[in-house]
Amino acid sequence: MTEGETDGGTDRSLTMSRAMVEAIAHEMRESNDVFYMGEDIADYGGIFDSTEGLLDEFGHDRVMDVPISETAYIGAAVGAAQAGMRPIAELMFVDFFGVGMDQIYNQMAKNTYMSGGAVSVPMVLTAAVGGTYNDAAQHSQTLYGTFAHLPGMKVVVPSTAYDAKGLMHNAIRDDDPVVYLFHKRLMGIGWLPAPDGPKTNVPEDEYTIPFGRADIKRDGADVTVVTLGLHVHRALEAAESLADDGIDVEIVDLRTLVPLDTETIRDSVSKTGRLVVVDEDYRSYGVTSEVIASVAEDGLADLDAVERVALPDVPIPYARPLEDEVIPDTDDITTAVHSVLSDE
Amino acid sequence: MTEGETDGGTDRSLTMSRAMVEAIAHEMRESNDVFYMGEDIADYGGIFDSTEGLLDEFGHDRVMDVPISETAYIGAAVGAAQAGMRPIAELMFVDFFGVGMDQIYNQMAKNTYMSGGAVSVPMVLTAAVGGTYNDAAQHSQTLYGTFAHLPGMKVVVPSTAYDAKGLMHNAIRDDDPVVYLFHKRLMGIGWLPAPDGPKTNVPEDEYTIPFGRADIKRDGADVTVVTLGLHVHRALEAAESLADDGIDVEIVDLRTLVPLDTETIRDSVSKTGRLVVVDEDYRSYGVTSEVIASVAEDGLADLDAVERVALPDVPIPYARPLEDEVIPDTDDITTAVHSVLSDE
Amino acid sequence: MSMVAVSELQEMYEHMVAARHYEERLQEEYLEGKQPAFDISAGPIPGELHLAAGHEASGAGVCQHLRDDDTVTAPHRPHHVAIAKGVDLERMTAEIFGRETGLSKGKGGHMHLFDPDVNFACSGIIAEGCPPAVGAGLAAKKRNTDSVAVAFLGEGAIDQGAFLESLNLASVQNLPVVFVIEDNDWAISMPKDRVTDVENGAQRAEGFDLPGTRVDSDDAVAVYDAAGEAIGRARDRNGPSLLEVQVHRRMGHFMGDAEGYRSDEDQEAAAQRDSIDRLAGTLRAHDVGGEALEELRERARNRVEGAIEWAKDQPEPDPESAYEDVFSTPPSGVTETAPSAADSGGEDR
Amino acid sequence: MSMVAVSELQEMYEHMVAARHYEERLQEEYLEGKQPAFDISAGPIPGELHLAAGHEASGAGVCQHLRDDDTVTAPHRPHHVAIAKGVDLERMTAEIFGRETGLSKGKGGHMHLFDPDVNFACSGIIAEGCPPAVGAGLAAKKRNTDSVAVAFLGEGAIDQGAFLESLNLASVQNLPVVFVIEDNDWAISMPKDRVTDVENGAQRAEGFDLPGTRVDSDDAVAVYDAAGEAIGRARDRNGPSLLEVQVHRRMGHFMGDAEGYRSDEDQEAAAQRDSIDRLAGTLRAHDVGGEALEELRERARNRVEGAIEWAKDQPEPDPESAYEDVFSTPPSGVTETAPSAADSGGEDR
Ligand SMILES: Cc1ncc(C[n+]2csc(CCOP(=O)(O)OP(=O)(O)O)c2C)c(N)n1
Ligand SMILES: Cc1ncc(C[n+]2csc(CCOP(=O)(O)OP(=O)(O)O)c2C)c(N)n1
Ligand SMILES: [Mg+2]
Ligand SMILES: [Mg+2]
């Protein structure tokens, strides 16, 4: 990469957490309507650094710790959004969605439609997702498919600092509810070291990344790997080693699940003929299913072989050998790529 | 059908509601550990006749009205199940899952695994599903995919009285949590007239229908239609009219989503080569996706054409022309069948 | 003694009569084609219908204190509150009839009425409107306005987490929110004592450090007074309150409910305790004569008849419009700003 | 004056010392390999770790009244309660170290300890254990036994719907359930007054018509007495109670928490108010000498050391076992009974 061509001319590299917070701070400066609510997001700065530094600049009125009452405060964000503000509400772990889901999907996601467009709900729901640090079944899920299945919310999953900032700007400016899922392992938190990829150059200026546009994170001719979040980096790693074997993998980073960029996926598959979908959510009735079905529906003729690599349909176990077994790793991706190449 | 061959020799025909209640009553007679909790399930008999008549026989102690506190009473069912009882808890409409989901998926569904099998949670969660009577976005969903995506619960969707009884016997006897989703339009409720199909002959004796075994509701050679619940009957209707055009449709009734009988689906597709999946849940990241993906994964070579017919990704609207537009009907199925036949 | 002005009583009376007449007329329209065999898909009004006849004092007494910029959230039984809050009656009726010009273009129906002009919304999940009302109060506080928010709920909803959490959040943030419990003795078929040990729902307030009051006299004036205090407190930035009002359910839980679980005496007693009659008596005691009352009733009825007539004349929505409004129109969220090469930011790592 | 027997005080003391020593030793083990740079994936203990040093009086004082057939649910900070309830310490420790012979075969970890032999369970979502405890109480009532259920939760959990709804359900069904709030002043970084207006969490009981009591003396005997009353009430079928106990957090919310949000004075004060020292004083006043106390401490420490040693010796689970236990073993739910042609019931309609 020649710097300046693809990153707005900066060589300032940031962690994903810093990039995300930078966008939030910018929007909070621009408008008093933007504020952040959540547990431990004020003095603590967010358990996963999602609000690090915001309290100092904006104070407790706009960086608000709230009671452990997800239903009440997420619903309050809906009410404030309908009143014209632009709240950001944080669900500390996406795994906790079950205590506040009614407000999320029956109010936040549906009110625009149920009102025939008379009201809108310009809010962002942020949540930390993902495993790889042995936090077991109630603190390790991504639940990508759960949110993407229910209509009325846009669902965003950044994989790099660059994307995280642009997608967050867009999320806050969007007039519709956006669920912004950031992977803990990508944030660049001291105690949870990130892999190399997510820390990227990030322009100081604001910029938006439109929803519904997947990003080709690596060009390739032989196999299409569609993925998102942490697994973009695992797929890139697999691609590097596969390249040594002369296998040229294209990596599509979905970036948003709703809207889903089926065009980019299909274009890539029409080129490679082989599809591997890699996801950290549960295998069945989820992201891998949808990506495969969307290709089968309109591009069946192009499709020579398909594989999915996902979390098996088991709750996420605690012990290291067990968690390692179920969360897809680079080897699992490599194996799947070999498999689609030998399948025909 | 020669009576006596396929229905245990009875010519007693029951509504789906009567059949379901019969199984519950039987199990309650067999064991004091079985009891039913829910809103308006005692004196009212269940808003959708799911407990009609049970109060008279078993009294308020075993047919328990509970406060409108889904989190508390569904979680109480989990606790009682872990203590060795066999509670049935009713969520009046599946659409209300959001107020109690944490207990459902983080306790009911996960405790067996999280305890390494040390505890089990032998309970049934019943819920009414489905639209077609203009109850709008918060009272018309099926949410099949939402439950099927999250591991640890078996998910059952009967389409006939015969199946409803056998599946309910099995659900109560199963040592694992079972989500039993009954379609309002199939129950045979006076004010919500059912189509012809669901009222079937039902043996008086107990019998179980194992989970994970789809049922071929109609044999056919040309196109496989995979569906469930109300849409089994819409598909059968479509098949009749297609038969007039010489098109021979096979109809696979999934009956359970977890476990999913991929073998029966694949066998059928390997015969017909053409797959239409029909679902009343939202289109994306759901049942249609999973069925198509499961075939593409292991039977891609057999698959000549595929279509899905599902609720588009919009909340369910109220007015009749709008609801009619979004809930798949017989014509939509017919069109999809024609489409897979012309696709190749 | 209440300090309420006679003109306010007259307004409340008119709202209450309009609300009652509205429910009676909707009942008629709804049952058309549904008799003798009740088929929910027949007749001019689709779906379920929860009518609020017997609840009028609550909507009128509370909303009499509210302005357009105050927010109200109501539950599944919303019409009397909507009328008192000043929701557009014609478009609301068109919505209930499922018409294109309805408040929600026919997408929402009677449990999902939204009128942003007067900041009214309702929804069908128990206690679900409480958190958004807290949010409206939060917005008022942040914007430093003196508007308030009121959440209505049934006595059956006081056991639901959404309500209980909201009491705490409003209390700790000291928000201008009033929670109004409409106690009609029943949650569908479940009597109050089957679902809670607390006879007075306002007692819930005690665990959360906010004031709680109950009005059980079927007296719109008493509701007006108690609501005035609670809403005044909120407007003066003195924090939230909880108010419970005894009302009565005169028409079953929803249309088609035969109320087999309810005794004749209970039904009879509910019918007797009619707050509309009572308010008429109060007005007469304030020297508002029979003719003046009849004039108010006439005006109320005419408004209702006009709205129903208008609504029934409206076109049904185009089926294709079912695909619109999932997201805002015009579409938002596709802005692209500098740096222009932005989109490929992660391209070649 | 408490009627507690000296032998009970000794048992409680031993449990408390064991619990404290356990946490200190786990802290050591946990931090191994994680210093100077804290990487959560290093060292012998996986995942997050929430230690309960400073909470001991609560677990010991309450569980002293419990039998094996009584149910306890605990939150994310469970060890002191588990120890007092008699959970198998070796298998619990093996679970925390992620070993095959752990209580959950390494699948659950420290937030998901299940020991059905003593009816103990814990979980990681705030207030999530309350409804299942109500369910255990319900089962006891239905089976007409005199066993009881106790749900432990933090003071930060009293704003959560699951807790509040449970108070009501237990109250209206008159179930043998005791809710125990452990007030350690903090919910991670949030001080109590930021999240609720109520200083005394037991006040929540008032809105639900059940008795509420608070013990804030850091005195295990006072906890024992208050818990005895509440549990006795439950065992005698007189219904549920709410009990709040002041405890202290001595080790940060989880390991690695630098507590930047907390003042030194607050930390210091928490360390000072040590209920273990206090109970030792009480025992001495009951003529239990220094030597006897040291013997109890020694025994407690040995048990802990033995468990840790045993656990660290255990094998790690086979990766393939990750696929087991989603459902019960042996598999259930595949029974097939007459009529044999059952399966094709709907075949040809
Ligand atoms: C969370 C949830 N549970 C159950 C229902 C079904 N439901 C609709 S109205 C109702 C009874 C409500 O009673 P109450 O709150 O007293 O209001 P009322 O109908 O008496 O006005 C119930 C249980 C629902 N809509 N939402
Ligand atoms: C529903 C839910 N929300 C948030 C969390 C994250 N969380 C874990 S512990 C905790 C603080 C709990 O405080 P408290 O109840 O006082 O218990 P303590 O940690 O002080 O013992 C929070 C917010 C969670 N586990 N579940
Ligand atoms: Mg009521
Ligand atoms: Mg605490």
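Basis for what follows: all heavy atoms, side chains included, without hydrogens, waters or symmetry-related copies. Lettering of chains follows the sequences in order, A, B, ..., and the numbering in each one begins at 1.
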Correct closest heavy-atom pair for A/Ala293 and B/Ser289 would be CB-CA, 3.7 Å

List the steps, then state whether side-chain contact (heavy atoms from CB on, under 4.5 Å) holds for B/Phe96 with A/Asp102. CA-CA 7 Å; B/Phe96 307 160; A/Asp102 183 63; over 6 Å; no

Take A/Gln138 and B/Met114, measure what side-chain contact (heavy atoms from CB on, under 4.5 Å) needs, and give me the verdict at the end. CA-CA 9 Å; A/Gln138 295 188 333; B/Met114 291 196 299; 3.8 Å; yes

Less than 4.5 Å to any heavy atom of chain A: does that hold for the side chain of B/Pro317, its backbone, both, or neither? both

Please report the C-alpha distance between A/Ile292 and B/Ile292 in whole Å, then the side-chain angles of each, then the deciding distance to 0.1 Å, and finally whether the side-chain contact (heavy atoms from CB on, under 4.5 Å) criterion is met. CA-CA 8 Å; A/Ile292 294 170; B/Ile292 294 169; 5.5 Å; no

Anything in residues 115-122 of chain A with a heavy-atom distance to chain B below 4.5 Å? Please list those residues in order. none

Please flag which part of B/Ser284 lies under 4.5 Å from any non-hydrogen atom of chain A: side chain, backbone, both or neither. both

Hey, which of A/Ala109, A/Gly100, A/Ala137, A/Gly145 has the most heavy atom pairs under 4.5 Å with chain B? A/Ala137

Is a salt bridge present between B/Glu297 and A/Arg283, judged by a nitrogen-to-oxygen distance below 4.0 Å? yes

Given that the side chain runs from C-beta out, which part of A/Leu275 has a heavy atom under 4.5 Å from chain B: side chain, backbone, both or neither? neither

Quick one: are B/Leu300 and A/Asp304 in side-chain contact, heavy atoms under 4.5 Å? no

Will you find, in the side chains of A/Asp313 and B/His149, an N or O donor that is under 3.5 Å from an N or O acceptor? no

Below 4.5 Å from any heavy atom of chain B, which atoms of A/Leu257 appear? Answer side chain, backbone, both or neither. both

Supply the atom-to-atom distance B/His139 NE2 to A/Asn106 CG, rounded to the nearest 0.5 angstrom. 8.5 Å

A/Phe97-B/Tyr105 aromatic ring centre distance below 6.0 Å: yes

Given heavy-atom pairs under 4.5 angstrom as the criterion, report whether the side chain, backbone, both or neither of B/Tyr282 touches chain A. both

Could you check B/Tyr113 against A/Val314 for side-chain contact (heavy atoms from CB on, under 4.5 Å), going step by step and ending with a plain yes or no? CA-CA 8 Å; B/Tyr113 190 83; A/Val314 308; 3.9 Å; yes

Under 4.5 Å from any heavy atom of chain A, what part of B/Gln103 do you find: side chain, backbone, both or neither? neither

Option in B/Ala296, B/Pro151, B/Ala136, B/Ser294 with maximal non-hydrogen atom pairs under 4.5 Å from chain A: B/Pro151

From the list A/Leu260, A/Thr71, A/Thr288, A/Asp281, the residue making the most non-hydrogen contacts under 4.5 Å with chain B is A/Asp281

Honestly, the part of B/Leu303 sitting under 4.5 Å from a heavy atom of chain A is both

Return the option, out of B/Lys110, B/Glu290, B/Met101, with the maximum number of heavy-atom pairs under 4.5 Å with chain A. B/Glu290

With sequence neighbours left out, what residues match B/Asp298 under side-chain hydrogen bond (donor to acceptor under 3.5 Å, both in side chains)? B/Arg266

